[in-house]
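Have a look at the structure below, then the notes.
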Amino acid sequence: MRVISTMKFTFFRMVREYITLLLLLVVPIVLLTVFSFVLEGVTTETGEPLINEQNVIFVLVFQMFGGALAMAYIHTDFFTERKQRIYALPFNQTLYAFSIMVCGIVYSVLLGIVLMTFSEFVFGADWGNWLWAIYIIFLLALLSNIVCLIFTFSVNNFKIAERLSEVYGVGFVILAGLIFPVPGNDFFVFVNTYVNPITLAADAIYGMNQSHAGEAWFRSNILLIASGVLFIVMLILGKRKIR
Amino acid sequence: MMIASMQGVVKRYGSNIVLDYVDLAIDEGEIIGLLGPNGAGKTTLIQTLTGMIPFEKGQVTLFGDVKAPFSNKNKEKIGLVTQEITIFEELTAKENLQFFAGVYGLKGEEKKNSVQEALEFVGLSDRANKMPKKFSGGMKRRLNIACALTHRPRFIIMDEPTVGIDPQSRNYILEAVKKLREEGTTILYTTHYMEEVQAIASRVVIMDQGQIIKEGTVDELIKTIQHEEKVKIDVTDAGQIPLNKLESVTGVKQVNVDGNQIMIISEANSGNLDRILSLIKAHAGVLGIQADKPNLEDVFLTLTGKQLRDKVGEE
């Protein structure tokens, strides 16, 4: 129960990280705004405004980097000088690490909701079922946090863990063809259909919007199962590093 | 009552022995000054005593608990002031204390009062709602101490709490430690500043190369190396004084004259100062007396053959 009392303060710490706020909230808002003007009037093959699709993708892309905050806090609290103080405290240290991860996920989802609200009410983006969209954003944030923590627990040099987390985020953005078009061969099709969290999440949201609920659930369940499996990996690795 | 003890504790990092069969017992109300140069093993001793790191051999007891000394129940009675500043920079001073008070199970009014008291204790009440980012090094150190005091621990471990701060803040911290001592708190205070230990410790433990090489009160430790006493006497005319008579005084080992200053080296505790002064006064006027007494630095130097601190770049 004592760990719960710390969550409010962990959340305060996260909210006061202004650089993170700038990167995960202000930058996406600026990009959404710019692209909304650039893509104004442009439609997809189905006649839908292209900006709808772009807004969803943008919000999802930034969720891929949401794990960086929990990663940094776990590193600071458990792998720097502060660990001496944390280990001297009369609470379950593993649970405290878990609480940091939970705060990171909640914070990431909240930022996602702010971006959703902004894109829907300012640029008229259509998110469809909001609860479903929030669930997908949650899955992406969960996965991002788990992956980032796996990197933190796997390597001794935190800088390398940070770079790996960036590779995870940027790598899947590239694979999704968001920076430049990717070849339409079997490998890329397979990756973007069953592996890439961004395309899985985007397809889950589009699928639900287009009444392909089965397809949407299938995509979201891949994210959920991946999170479950990786959570166990994270737990095993974390147990070795956090007593 | 015994608060903490270590018996035959051995800690190794690879082939390097950091704690070498350490025995230490801390009674309630004691202020133990743990003195040693950098790398002596002081921080490792603390980490072992708080259960932060495992050890290869020996036994640690906290509050009489041998079976589970590092249980949360025992941790609740300990306050740890870390050597590094380990406060949360993104939280205000008050929030920092609220965080730790909550972890120690304080709630409601009790939590509010203890946070306020801790802030007052370290003189940061007027900065309660300010971010530590804007604090001076000394203020951060004080907040670092307050974080370990919110739950009013019975046993406080302070790991070099005055490193790298200004003299005013150091005095403030030392005064705070004295206040805690008056309240009956047991404190383990590690430092390599001899004068701090002399000012606050009821017992001094000297460590070097992972071993406790000597312990006792400051006076006891000094006595162990005090074989001679050195007295310098400034006189009006040293030429008038019969040095052979001075040399024949019981206990006097050596008499040297430097201008109008006479330096006399006697055996320790020989009690011959009265006799020496009467002899001098019979032939010349006495202008001043200066007795050179050994201090903890000398004790350390004698025991280890090293200086307690590096002289270069100090303060």
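Letters go in sequence order (proteins before strands), and every chain restarts at 1. The model shown is predicted, which means the values in this text are computed figures rather than measured ones.
- The candidate with the highest count of non-hydrogen atom pairs below 4.5 Å against chain A, out of B:V81, B:I157, B:N144, B:T43, is B:N144.
- You'll find the ring centres of A:F65 and A:Y168 outside the 6.0 Å limit.
- Note that the CG atom of A:L149 and the NZ atom of A:K241 stand 12.5 Å from one another [nearest 0.5 Å].
- Under the side-chain contact (heavy atoms from CB on, under 4.5 Å) rule, A:L21 has a single partner from A:L69, A:V27, A:L111, which is A:L111.
- Residues of residues 98-124 of chain B lying within less than 4.5 angstrom of chain A, judged on heavy atoms, are B:Q98, B:F99, B:F100, B:G102, B:V103, B:Y104, B:G105 in numerical order.
- At least one cation-pi condition fails for B:K57 and B:F55: the charged atom is not both under 6.0 angstrom from the six-membered ring centre and inside a 45 degree cone around its axis.
- Between chain A and the residues B:I53, B:T82, B:I78, the largest count of heavy-atom pairs under 4.5 Å involves B:T82.
- Interface remark: A:Y73 contributes side-chain atoms only to the contact with chain B (heavy atom separation under 4.5 Å).
- Between B:T50 and B:F70 the shortest side-chain heavy-atom distance does not fall below 4.5 Å.
- Interface with chain A: from residues 127-136 of chain B, residues B:M131 qualify, criterion being any non-hydrogen pair under 4.5 Å.
- Aromatic rings of A:F158 and A:F79 (six-membered ring for Trp) have centroids beyond the 6.0 Å cut-off, not under it.
- Note on A:I4, A:L89, A:V3: by heavy-atom pairs under 4.5 Å with chain B, the leading option is A:L89.
- Ion pairing between a basic and an acidic side chain is recognised when a charged N comes within 4.0 Å of a carboxylate O; A:R85 and B:E84 show no such pairing.
- Between A:R16 and B:E95 there is a salt bridge, since a side-chain N of the basic residue sits under 4.0 Å from a carboxylate O of the acidic one.
- Cation-pi geometry between B:R142 and B:Y172 is met: under 6.0 angstrom from the ring centre, within 45 degrees of the axis.
- With respect to B:R152 and B:E76, no salt bridge is recorded, no charged nitrogen being found less than 4.0 Å from a carboxylate O.
- Using a 4.5 Å cut-off between heavy atoms, B:D159 contacts chain A through its side chain alone, with no backbone atom that close.
- Both the backbone and the side chain of B:L80 have a heavy atom closer than 4.5 Å to some heavy atom of chain A.
- Proximity of B:E196 to B:R170: side-chain heavy atoms (C-beta onward) are separated by under 4.5 Å at one or more points.
- A distance of 8.0 Å separates OG of B:S5 from CG of B:L62, quoted to the nearest 0.5 Å.
- Proximity to chain A (any heavy atom under 4.5 Å) is restricted, for B:I46, to the side chain, taken from C-beta onward.
- Here A:D77 pairs with A:R13 in a salt bridge; the nearest charged N to carboxylate O distance falls below 4.0 Å.
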